[in-house]
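First up is the structure itself, then whatever we jot down about it.
Bear in mind that the values here come from a model prediction, so they are computed numbers and not experimental data.
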Amino acid sequence: MAREDSSTPEARARKRVNDRSSLLWHISAFVIVNAFLWFIDIAGGGGVQWAYWTTIPWGVGLAFHIAAYLIEERGGGDRRYQQYLEEERRSEANR
């Protein structure tokens, strides 16, 4: 997800909006679907029997999505890209 030098501010802003929108849809789907599954599981009698088998792995995936979003939002990818770009330019200059 490294930023290219040729990308425009508008394209970068559009990507940030799309990334945020994607994350919010993921969170919304997680909450709605899991609430429904937990309701069905509890209403079926016998307490919680299977709903957590969906919630736990999906929650782990959602946690990774949130982490990736936060790292990208803080510019971690862009800083690393700039660092590697400078290293490559120095390497090219020394050849």
Salt bridge (Lys or Arg N to Asp or Glu O under 4.0 Å) between Glu72 and Arg16, intermediate numbers included: CA-CA 9 Å; Glu72 184 69 25; Arg16 289 180 68 191; over 6 Å; no
Using the rule given for side-chain contact (heavy atoms from CB on, under 4.5 Å), can you reason through Leu37 versus Thr55, listing the C-alpha separation, both sets of side-chain angles and the distance that settles it, and then say yes or no? CA-CA 9 Å; Leu37 292 175; Thr55 304; over 6 Å; no
side-chain contact (heavy atoms from CB on, under 4.5 Å) assessment of Trp50 paired with Ile40: CA-CA 10 Å; Trp50 52 265; Ile40 290 173; 3.9 Å; yes
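Enclosure of atom CH2 in Trp53 is not indicated, since only 12 or fewer non-hydrogen atoms of other residues, nucleotides or ligands lie within 6.0 angstrom.
Salt-bridge formation is not detected for the pair Arg89/Glu92: no Lys NZ or Arg NE/NH1/NH2 atom is positioned less than 4.0 Å from an Asp or Glu carboxylate oxygen.
For Ser21 (side chain) and Val17 (main-chain N/O), no donor-acceptor pair under 3.5 Å exists by modelled atom type. Counting only distance, with no hydrogens or angles, the side chain of Asp41 and the backbone of Val48 share no donor-acceptor pair below 3.5 Å. A donor-acceptor contact shorter than 3.5 Å links the side chain of Ser28 to the backbone of Leu24.
In terms of heavy-atom proximity, His65 sits nearest to Ser22 at CE1-OG, 3.7 Å.
To the nearest 0.5 angstrom, Glu88 atom CD is 10.0 Å from Arg90 atom CZ. Distance check: Thr54 OG1 to Phe36 CZ gives 12.0 Å after rounding to the nearest 0.5 Å. One finds the CG atom of Asn34 at 10.5 Å from the CD1 atom of Ile56 (value rounded to the nearest 0.5 Å).
Residues Trp58 and His26 have side chains in contact (heavy-atom distance under 4.5 Å, counting atoms from C-beta outward).
In the hydrophobic cluster analysis, where Ile, Leu, Val, Met, Phe, Trp and Tyr join through side-chain heavy atoms closer than 4.5 angstrom, Phe64 is grouped apart from Ile27.
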